[in-house]
Amino acid sequence: MNIAKSFDAKKIESKWYQFWNENKYFNSKPNDKTPYTIVIPPPNVTGILHMGHMLNNTIQDILIRKARLQGFNACWVPGTDHASIATEAKVVEKLKNDGIEKKDISRDEFLNYAWDWTEKHGGLILEQLKKLGCSCDWDRTKFTLDKEMSDSVIKVFVDLYEKGLIYRGYRMVNWDPQAKTTLSNEEVIYEEQETKIFYIKYKIYNSSKTITVATTRPETIFGDTAIAINPDDDRYLHLKGKKAIIPILNKEIPIITDQNVDSEFGTGCLKVTPAHSENDKIIGDKHQLEIIDVLNDDGTLNKFTLHYNGKDRFLARKEISIELKEIGSLLKEENYLTKIGKSERTKCVIEPKLSDQWFLKMEKISKPALKAVIDDNIKLYPKKFKNTYKNWMENIRDWNISRQLWWGHQIPVYYYGSDKMDFVVAEDIDKAIIKARIKSGNFNLDKDKLIQETDVLDTWFSSWLWPISVFDGINNPDNKDFNYYYPTNDLITGPDILFFWVARMIVSGYEFKKSKPFSSVYFTGLVRDKKGRKMSKQLGNSPDALKLIEDFGADSVRVGLLFSAPAGNDLLFDESLCQQGKNFSNKIWNSYRLVKSWNIKNSNYQNPSSIAAIKWFENRLSSKLIEIDDHFKKYRISDALMTIYKLIWDDYCSWYLEIVKPDFGTPMDFKTYDKTLQFLEKCLTILHPFMPFISEEIWSGIKNEEDKPLIIKNWPKNNKVDYSYLKEFEHISKLITNIRKYRNQKGISYKEKIELFSQNTKLKSELKSIVLKLANSDIVEEVFQINQNAESLIVDSKEYFINNLLDQKSDLKKIKEDLDYNIGFLRSIQSKLNNKKFIENAPDSIIKNEKKKELDTIIKIKILEQKLKK
RNA sequence: GGGCGCUUAGCUCAGUUGGUUCAGAGCACUUGGUUUACACCCAAGGGGUCGGGGGUUCGAAUCCCUCAGCGCCCACCA
């Protein structure tokens with residue numbers, strides 16, 4: 001035989017990928033077939049493949065390949081996301097290493113660098129997906145900064161503004177002092193952290209009294225504009241209306257009362273710093289307090305902070321606490337556990353900051369999106385996310401869509417005057433100037449006088465359009481592609497971007513297209529290491545995705561990932577599961593070797609055992625196809641794979657092939673051979689979505705020249721299943737196992753034939769020949785009398801006897817135990833049947849079954865008792 | 001603080017409306033096995049009071065209450 005003894009993935013993977021790609025099997029164009037569409041969750045353009053991507057894209061590829069086999073027009077749209085903050089941060093750092101500061105160069109210069117960077121590193125991740133076998137339609141690859149994608153974003157912004165849904169607001173936002181941009185609430189992660197809380201004494205003006213506040217942020221005292229107490233707090237009421245003096249700064253501020261102050265917390269007195277706390281801002285607005293921002297954009301203190309001007313906020317905190325102590329204003333400091341908000345990207349501590357930002361009103365436009373999920377118009381898997389989604393959507397807040405960055409879609413707002421409201425919103429400067437002339441009444445207004453808003457849009461403001469914009473559905477609402485592919489079918493993504501992305505896509509689908517963007521969302525779990533820890537660069541516990549493919553082969557890695565990812569749970573990734581995948585590859589490979597090794601004879605004669613095996617496997621395959629289909633419907637992809645795994649390994653290899661396999665040196669009849677190949681072909685077809693490479697490789701070794709490649713073959717159809725035949729086969733398979741066990745226990749080798757006798761069975765002769773083949777046992781039925789010394793095997797309440805020449809005393813204990821168990825079992829069944837209430841309440845089918853159980857058990861007990869007597 | 005979910009074999013998990021002989025799967029483990037598909041293998045086997053307690057029911061892993069532990073989401077007090 002010239003087929004290698006074990007399967008070598010490396011040799012064939014790139015060959016097949018190239019073959020599929022060059023023959024355009026991944027490509028899709030609208031036609032008269034039903035489309036099946038997935039849009040990829042676009043990875044960061046400069047990102048590299050990690051385990052999460054691998055899992056996610058493996059599942060997408062499985063769904064796409066299966067749909068393709070099932071005759072759908074399968075279209076998987078790939079692409080990348082510009083990822084403003086992440087990419088800009090990388091470029092800023094790169095420039096810094098080259099000795100260039102962002103602040104020293106112009107926007108255009110910076111963007112040139114950023115595009116260079118993107119072109120150099122961009123799309124690498126897509127190349128990595130090819131290694132994994134992903135069958136995306138690469139001709140449709142999109143990037144969120146492509147011209148038509150950008151046009152969509154701008155168009156949508158203008159549209160929403162004109163609908164009155166976008167507004168500019170001076171609001172408290174999350175400020176990232178490192179990236180020098182705002183973040184949405186979703187981009188801030190709270191971490192528990194030990195800090196200090198400081199008790200600071202403020203003198204009362206014209207009095208010897210003092211008032212003490214508790215604060216974690218003494219550096220903001222320069223921004224204090226009041227001290228507030230609860231109006232019901234008797235301890236301090238006498239101070240109401242008096243003035244307190246800020247230490248160090250020696251400035252007088254009023255003492256006011258406000259319901260928002262919690263008397264229980266700290267001292268019950270709150271220093272009000274409207275510029276640096278959301279809560280304080282609310283109090284400040286109510287009492288018309290001045291707003292004093294004491295921080296620069298980079299997190300250093302500003303000119304309002306005397307000798308702390310220019311110092312970093314954390315350093316200043318330390319130094320101020322020392323100075324307060326020296327001047328006797330620091331009463332005490334305590335350790336304090338609190339949650340600190342940090343930037344998801346830069347890990348920098350977030351600063352609440354008041355600034356002008358652009359917001360999208362969410363309440364109204366999110367209503368249809370909420371309803372769609374509640375009504376199961378869009379289904380979320382696993383189901384638990386439906387509640388999470390509902391909870392968020394019902395409490396949705398306006399979306400801050402502006403970012404103080406350069407890398408992204410520049411907001412299409414054009415300012416023409418010095419007043420805050422002197423701006424227009426338009427797709428481009430030519431449209432803007434017309435609008436500006438009208439709005440200003442100055443028809444001589446020059447284009448050069450227009451200044452575009454410097455902020456860019458939040459990255460998610462482009463990706464929320466993804467399922468629409470990849471088909472150009474915004475710019476060309478009636479184009480053929482869009483009408484054909486939208487709404488898409490399934491979305492596969494991680495639960496961490498449920499709000500960032502999934503919810504907003506649903507909102508945009510209904511807002512701009514009056515329909516859902518996809519029918520189902522499947523959330524994969526997060527990939528963790530086998531100890532349950534999140535994979536991260538710091539821990540160094542994240543395996544190199546490409547190295548895994550190198551080591552095990554893409555098919556095996558795909559299988560390994562799925563084996564560790566049961567239905568949407570977090571998955572504990574362990575490399576040994578890839579080994580399991582590799583073992584599976586090898587198993588299939590060797591079944592192929594076996595089949596190819598046979599000599600075929602041109603004879604009509606088929607062994608009866610082969611005929612039986614064929615009939616059994618046909619039914620078995622059909623029943624498994626039904627199961628697999630059910631698993632797919634429920635998005636239980638791992639379970640579907642496990643079913644196929646067992647079908648191939650156990651049913652096809654261990655049972656079917658072992659039965660039909662000719663003895664060494666004897667040829668195989670062509671009828672059985674043909675069937676065997678057909679079965680292998682069907683197994684390969686259903687395996688193909690999971691293990692595309694090996695399945696295609698083996699298929700190429702058994703197919704006829706005119707046959708299509710596996711990737712575009714037809715998914716097998718299940719026939720009507722003859723369950724009674726499956727049951728009969730199950731009986732003999734149990735019998736075979738029993739005989740093998742008997743051999744094991746007695747130390748009888750397979751070569752020594754065992755003769756079985758029975759009185760109460762009537763097996764089909766072809767099934768008996770299977771027992772002969774696999775267990776080397778003849779079955780003699782309708783025996784008149786059984787030898788006194790015979791030993792019995794009981795299978796499904798049928799009894800088989802073996803003339804035992806060996807001592808059988810050792811088995812007495814086992815028979816006794818078995819008898820005791822069955823007597824107890826019978827007792828429990830009979831007590832049920834004697835229970836009047838049971839008979840009255842239980843459905844007939846249950847009662848019938850209990851009676852059958854009773855009868856079966858009685859027979860078993862009789863057999864066992866006879867055995868004991870002997 | 002508000003909401004959601006989880007706890008079943010050594011590990012990772014299935015277990016549909018309570019009822020087929022329901023206590024399961026894969027891996028791991030134990031024992032035996034190398035005559036030509038595969039030791040990346042074959043055959044057989046041993047593992048669980050279904051987190052604790054209580055209740056409903058003829059019947060509970062499944063429904064209800066309660067306690068304990070774990071996890072996620074949202075909000076957040078200086």
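Heavy-atom basis, side chains included; hydrogens, waters and symmetry copies ignored. Within every chain, numbering begins at 1; the chains are lettered A, B, ... in the order of the sequence lines, protein sequences first and strands thereafter.
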Looking at every strand, decide which applies to A:Glu658 at a 4.0 Å heavy-atom threshold: base, sugar-phosphate, or nothing. base
Determine whether any donor atom in the side chain of A:Lys5 lies under 3.5 Å from an acceptor atom in the base of B:C38, or the reverse, and answer yes or no. no
Select base, sugar-phosphate, or nothing to describe what A:Tyr199 touches, counting heavy atoms under 4.0 Å on all strands. nothing
For B:G47, glycosidic torsion class - syn if within 90° of 0, otherwise anti: syn
Distances for protein N or O near nucleotides 58-62 of chain B N or O, under 3.5 Å:
from: B:C58; atom 1: O2'; to: A:Asn835; atom 2: ND2; distance (Å): 3.0

Restricting to non-hydrogen atoms, name the atom on A:Asn738 and the atom on A:Ile794 that form the minimum distance, rounded to 0.1 Å. ND2-O, 4.4 Å
Are there more than 12 heavy atoms of other residues, nucleotides or ligands under 6.0 Å from atom NZ of A:Lys286? yes
Parsed dot-bracket for RNA chain B after applying the Watson-Crick and G-U rules with both distances under 3.5 Å and | for other-strand partners is (((((((..((((.....[....)))).(((((.......))))).....(((((..]....))))))))))))....
Please list each protein N or O that sits under 3.5 Å from an N or O in nucleotides 73-75 of chain B, with the distance.
from: B:A75; atom 1: O3'; to: A:Arg397; atom 2: NH2; distance (Å): 3.3
from: B:A75; atom 1: N6; to: A:Lys339; atom 2: NZ; distance (Å): 3.4

Using a cut-off of 4.0 Å on non-hydrogen atoms, how would the nucleic acid contact of A:Lys852 be classed: base, sugar-phosphate, or nothing? nothing
Select base, sugar-phosphate, or nothing to describe what A:Thr216 touches, counting heavy atoms under 4.0 Å on all strands. sugar-phosphate
Got a sec, which residues hit side chain to side chain donor-acceptor pair (under 3.5 Å) with A:Lys11, two or more places apart in sequence or on another chain? none
Using a cut-off of under 3.5 Å, enumerate the N/O to N/O pairs linking the protein to nucleotides 27-31 of chain B.
from: B:C27; atom 1: OP1; to: A:Tyr645; atom 2: OH; distance (Å): 3.4

Write down the distance between OH (A:Tyr202) and C1' (B:A78), rounded to a whole number of angstrom. 11 Å
Quiz: residues 641-648 of chain A side-chain donor-acceptor pairs under 3.5 angstrom, not counting sequence neighbours:
from: A:Thr643; atom 1: OG1; to: A:His631; atom 2: NE2; distance (Å): 3.4
from: A:Thr643; atom 1: OG1; to: A:Asp639; atom 2: O; distance (Å): 2.9
from: A:Tyr645; atom 1: OH; to: A:Gln580; atom 2: NE2; distance (Å): 3.3

